[in-house]
Amino acid sequence: MLQVNVLRNNPQWVKERLAVKNFKQLELVDEIIVLDDERKRIQSDYDNTQSKVNAASKEIGKLMGQGKKDEADEMKQQVSSYKIQVATFMESLNGTEKLLQDKIIQLPNLPAQIVPPGKTPEENVVAKEGGVKPTLHANAVPHWDLIKKYDIVDFETGAKITGSGFPLFKGKGAKLQRALVQYFLDYNTAAGYTEYIPPFMVNAASAYATGQLPDKEGQMYHATEDDFYLIPTAEVPVTNIYRDTILKEDELPLKMTAYSPCFRREAGSFGKDVRGLNRVHQFEKVEIIQIVKPETSYDVLDAMVAHVEKLIQSMELPYRILRLCGGDMSFTSALTYDFEVFSAAQQRWLEVSSVSNFENFQTNRLKCRFKDANGKMQLTHSLNGSSLALPRIMAALLENNQTENGINIPTILQPYFGAAVLQ
RNA sequence: GGAGAGAUGGCAGAGCGGUCUAAUGCGGCGGUCUUGAAAACCGUUGACUGUAACAGGUCCUGGGGUUCGAAUCCCUAUCUCUCCGCCA
């Protein structure tokens, strides 16, 4: 959520930045400022009247103490009339605040200065490319055939148990998943991230704080009986650790990592790119999250990108890093880098990580602040990234490393998997 | 699931209708003393809103109510603890 003061201080600049994200309702900016003026006016009326009530009430207390009951009764009459006014102001204030809130949560985060303009994924900028695309043998096949050949993922039975998009990992497939999770967590904790196992369901307040609610409601599975949401990413519970928190400056930066299954309804996105592990409703992911001082957040973003890059390199996968254009960025992000690995048998790039700086857009909703050296309260900045999402990594590993005699396991993963070849 | 108790500032904890501008202790910060530190002593110490700055307003788990006036009384939700039941 943007801060109203940012809009007030420079509405023209805010509109320019919003336009980079292809946000159309620029008139909201002015509407919000007008509503905020109104809010202040009503608040001030309310405060003044309430102040009279408070003063009179104290006076009544004194008069009662002195036994001047008649004078006290007279004042009570007067207070009653103030109270009617107070109630009116309060009602009007609530209405205005709600309107203001409704409008301000519609504004996406402002993109950073270096975000490229553009509307579609095609306009993302390739910031870097690395690794070597493999040359496959003549009979190479996509991963959805490989998983059948080696009997490691069973979509049909998953569909029987739950529904389509809920894969059942089996045997060496299950073990490879476990190996990847274990390796990713070890890699992240070695870099100073503290490991968490969070709740996999969250309440509405948490989903709201990280921006899943209200607008992405339909993307989450919702347990209505208890009003809990299945998490679409560990970002939600882990970031919410620091909801309504005031940190000390020397506690920053906070570095956290967590494994979790991720549940996504993917409403509206079906019929496209959904074969095999390319898009599923439940998948495993290891996430990294940082909460940092504002002036450091872009350096931290670079460090997180480098961290993920090394992880992908360590598994010898061909990859590229995209700087997302305004139109392809998420609602909450100020700058995002996507990582894609090349899936050789599909001849496609698959997104495996998305690393973003949210600046104070999330922490403003979270109310995650810290006291700086001058004793001033400031919002922290939050960042997160996948390190990494498993299904597409698995797809690329299977496809790129296939041989006539099995799937070669990258050296770094062999101790975790317990073998050099999956057969 | 049943019965009972509770939720107060960073923490512990008092307060049980007006003097709460929330005692006290611990912790934090500043100072005195000291070569330096500790101890001791002195001072200071929340958030939000609002203002040019004051003033003012709000906040004692959330929501609602009683009252001229609520941390305090009532209702309700949530959470925590104890006991019982069930259970990996």
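Naming: A, B, ... by sequence-line order, numbering from 1 per chain.
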| request: Return no unless some side-chain N or O of A:N54 is found under 4.0 Å from OP1 or OP2 of B:rG57. | output: yes
| request: Would you mind classifying the nucleic acid contact of A:Y82 as base, sugar-phosphate or nothing, using non-hydrogen atoms under 4.0 angstrom? | output: nothing
| Using the P atom in both, what is the distance from B:rA88 to B:rG6, to the nearest Å? | 34 Å
| said: What's A:R39 touching, base or sugar-phosphate or nothing? Going by heavy atoms closer than 4.0 Å. | reply: sugar-phosphate
| message | Quick test of your reading: applying salt bridge (charged side-chain N to carboxylate O under 4.0 Å, His left out), list the pairs with at least one residue in residues 12-34 of chain A, sequence neighbours left out, ordered by first then second residue. | response | A:K15-A:D30, A:E31-A:K103
| task | Would you kindly check whether a donor in the side chain of A:D47 faces an acceptor in the base of B:rG57, or vice versa, at under 3.5 angstrom? | result | no
| query | Hey, does A:K367 reach any base, or is it just sugar-phosphate, or nothing, if we go heavy atoms under 4.0 Å? | reply | nothing
| remark: In Watson-Crick or G-U wobble terms, with both distances under 3.5 Å, the base opposite B:rG6 is B:rC79
| task | Answer whether the closest heavy-atom distance between the side chains of A:E235 and A:Q362 falls below 4.5 Å. | result | yes
| request: Look at the rings of A:Y221 and A:H281 and say which category their plane angle falls in: under 30° parallel, 30 to 60° tilted, over 60° perpendicular. | output: perpendicular
| note | Across every strand shown, the nucleotide meeting Watson-Crick or G-U wobble geometry with B:rC59 (both distances under 3.5 Å) is B:rG46
| Does B:rA23 have a Watson-Crick or wobble mate here (both distances under 3.5 Å), and if so which one? | none
| request: Name the orientation class of the two ring planes belonging to A:H307 and A:Y187 (parallel below 30°, tilted from 30 to 60°, perpendicular beyond 60°). | output: tilted
| request: Could you tell me whether the phosphate oxygens of B:rU51, OP1 or OP2, come under 4.0 Å of any side-chain nitrogen or oxygen in A:K40? | output: yes
